[in-house]
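One is the number of the first residue; the rest follow in order along the sequence. Every value quoted in this text rests on a predicted model; they were computed, and no experiment measured them.
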Amino acid sequence: MLNKWEGIVLRTGPYGETNKVVTFLTREAGKVTAMAQGAKKPASRLAAVTQPFTHGIFMVYKGKGMGTLQSGDALRTMRHLHHDIMATAYASYIAELMDRLIEDNQPSSGQFELLRQAFHAIDEEYDPEAITLFVEWKMLPVAGIHPVLHQCASCGATEGEFAFSFQEIGFLCHRCFHVDPYLIRLSPSHLRLIRTFYNVPIEQVGKLTLKPATKKFMRKIVRTIYDEQVGVRLKSASFLDQLDRMPSFGRQEQAADGTEDKKEPDDECSAPENLP
């Protein structure tokens, strides 16, 4: 059966001297894999549309086994994702995370839309690390994790001082801090950011400026959940860590000479006020 799917290329791999095996996340059919015959040849009509991160319309013949890519038309090539090393690194991480968590041939337009919004935002030069945080938090339910973020995970309170508990996988109010001796205290802005990452679609977020220290703090929480609760460790995360340690690319809280950067902007994230 010949299918017309809107999709985004998650990854490719060589097959023989001239062919590629391409994995797409599609709006209609979920994650699918297809053979792209001759796509490794520079002159092939499939060479450009099978580049990683490409958003396009693909014609795939699908039988019992692996499908065959017949043709493709790019809707967006994601040029910035290919030419900026930080954009490439974070897009690769997002693609690998989705590839690991999403099962084959399980339709989910929501996951496709999340990937589309994330890649388009990074391509439009939004902060790729902040966009990645959105994806990480929103993919937790796909990994089987449903954090309690609307109230205290222990007593149900909605007011007071809160902390994040890895034991309860959610917020604990100050009355229940004794439940988890290893909890992480949260400021009101941290609370709001986590809820924004988890609940608000990327396209509904306007101005987004987060300090390096804030991103590092948020990254520590969500990566710990993936490491300890999900058991997912990604190869692309190692490259991000390497970039983080390089002064020219790293998300440093201080300048290269060790002095504090006094011009660093405050956190700003404009989103709907009535978060759950």
Side-chain angles (χ1 to χ4, degrees), residues 5-10 24-31 51-58 73-84 86-102 106-143 145-147 149-150 189-211 214-215 218-219 221-222 225-226 236 240 251 265-276:
W5 291 328
E6 180 184 359
I8 296 173
V9 178
L10 290 177
F24 309 90
L25 184 63
T26 71
R27 186 185 297 277
E28 299 85 357
K31 190 176 74 171
Q51 293 299 311
F53 318 139
T54 299
H55 177 198
I57 301 295
F58 301 94
D73 292 306
L75 296 175
R76 189 161 180 164
T77 57
M78 309 292 180
R79 183 178 300 274
H80 182 65
L81 272 64
H82 288 284
H83 292 97
D84 181 90
M86 295 300 289
T88 302
Y90 280 102
S92 299
Y93 177 89
I94 290 171
E96 186 182 1
L97 179 66
M98 289 200 154
D99 190 25
R100 287 282 299 274
L101 295 181
I102 298 173
Q106 297 294 321
S108 177
S109 59
Q111 292 159 18
F112 171 83
E113 188 60 21
L114 174 61
L115 179 63
R116 186 195 69 81
Q117 291 182 16
F119 277 5
H120 282 217
I122 296 175
D123 195 45
E124 291 166 5
E125 301 189 34
Y126 279 73
D127 182 351
E129 186 177 4
I131 298 302
T132 300
L133 286 167
F134 274 93
V135 175
E136 289 176 309
W137 281 99
K138 293 182 191 305
M139 287 296 290
L140 285 175
V142 180
I145 302 297
H146 300 271
L149 305 178
H150 63 289
S189 63
H190 290 152
L191 215 68
R192 179 171 174 78
L193 271 176
I194 290 174
R195 287 172 173 162
T196 298
F197 289 142
Y198 190 73
N199 292 302
V200 179
I202 295 172
E203 287 188 338
Q204 290 185 19
V205 177
K207 187 178 175 88
L208 181 64
T209 304
L210 302 179
K211 292 184 291 187
T214 300
K215 291 184 287 188
M218 294 293 166
R219 188 171 74 244
I221 294 176
V222 73
I225 297 174
Y226 277 104
S236 51
L240 288 177
R251 298 156 291 204
D266 293 331
D267 293 324
E268 290 188 49
C269 183
S270 59
E273 293 293 333
N274 55 340
L275 293 177

Review point. Which heavy atom of Thr54 sits nearest a heavy atom of Ala74, and at what distance?
Key: CG2-CB, 4.1 Å
Exercise for review: Find out whether Thr26 and Phe112 are in side-chain contact, i.e. whether some heavy atom of one side chain is under 4.5 Å from a heavy atom of the other.
Suggested key: no
Point to revise | Minimum heavy-atom distance Ala130-Leu210, with the two atoms named | key: CB-CD1, 4.1 Å
Review point. Could you state the interatomic distance from OG1 (Thr132) to CE (Met218), rounded to the nearest 0.5 Å?
Key: 15.0 Å
Exercise for review: Would you mind reporting whether Tyr198 and Lys138 have side-chain heavy atoms less than 4.5 Å apart?
Suggested key: no
Review point. Can you check whether Val205 reaches Phe134 side chain to side chain, under 4.5 Å on heavy atoms?
Key: yes
Study note, to complete from the structure: Value for CG (Leu75) from CD (Glu6), rounded to nearest 0.5 Å, stands at 6.0 Å
Check your understanding: If you round to the nearest 0.5 Å, how far is CD of Glu129 from CG of Leu240?
Key -> 8.5 Å
Check your understanding: Where the side chain of Arg195 meets the backbone of Leu149, is there a donor-acceptor pair that is under 3.5 Å apart?
Key -> yes
**Study point:** Non-neighbouring partners of Glu96 that pass side-chain hydrogen bond (donor to acceptor under 3.5 Å, both in side chains), sequence neighbours left out
**Key:** Ser236
Exercise for review: Flag the pair Val9 / His55 as yes when at least one side-chain heavy-atom distance between them is below 4.5 Å, and no otherwise.
Suggested key: no
Practice item. Using salt bridge (Lys or Arg N to Asp or Glu O under 4.0 Å) as the criterion, list what pairs up with Lys31, not counting sequence neighbours. Key: Asp99, Asp104
Point to revise | Arg219 bridged to Glu136 by N-O distance under 4.0 Å | key: no
Point to revise | Beyond-backbone contact of Thr214 with Leu193, side-chain heavy atoms, under 4.5 angstrom | key: yes
**Study point:** salt bridge (Lys or Arg N to Asp or Glu O under 4.0 Å) involving Arg79 - partner list, sequence neighbours excluded
**Key:** none
Review point. Any side-chain heavy atom of Trp137 within less than 4.5 Å of one from Ile194?
Key: yes
**Study point:** All pairs passing salt bridge (charged side-chain N to carboxylate O under 4.0 Å, His left out) where residues 196-206 contributes a residue, at least two apart
**Key:** Arg116-Glu203
Revision key, fill the gap. Hits for side-chain contact (heavy atoms from CB on, under 4.5 Å) against Ala118, two or more places apart or cross-chain, chain-then-number order -> Ile94, Ile131, Val135, Ile202
Practice item. Would you please name every residue forming a salt bridge (Lys or Arg N to Asp or Glu O under 4.0 Å) with Glu125, sequence neighbours left out? Key: none
Review point. Under the side-chain contact (heavy atoms from CB on, under 4.5 Å) test, which residues partner Ile145, sequence neighbours left out?
Key: Leu140, Pro147, Ile169, Ile225, Gln229, Val230
**Study point:** Set of residues satisfying ring pair (Phe, Tyr, Trp, His ring centres under 6.0 Å) with respect to Phe53, sequence neighbours excluded
**Key:** His82, Phe119
Review point. Listed by chain and number, what are the side-chain hydrogen bond (donor to acceptor under 3.5 Å, both in side chains) partners of Asp84, not counting sequence neighbours?
Key: none
Check your understanding: Considering residues at least two apart in sequence or located in another chain, which fulfil the side-chain hydrogen bond (donor to acceptor under 3.5 Å, both in side chains) criterion with Gln117?
Key -> Glu113
**Study point:** side-chain hydrogen bond (donor to acceptor under 3.5 Å, both in side chains) involving His80 - partner list, sequence neighbours excluded
**Key:** none
Practice item. Any chance you could measure Leu115, atom CG, to Met98, atom CE, to the nearest 0.5 Å? Key: 5.0 Å
Review point. With sequence neighbours left out, what residues match Pro107 under side-chain contact (heavy atoms from CB on, under 4.5 Å)?
Key: none
Review point. Any side-chain heavy-atom pair from Gln111 and Leu101 closer than 4.5 angstrom?
Key: no
Check your understanding: OG/Ser108 to CG/Leu114 distance, rounded to the nearest 0.5 angstrom?
Key -> 9.5 Å
Point to revise | Validation row: Phe24, Leu10 side chains within 4.5 angstrom (heavy atoms) | key: no
Review point. Can you tell me how far the CG atom of Asp127 sits from the CE atom of Met86, to the nearest 0.5 Å?
Key: 8.5 Å
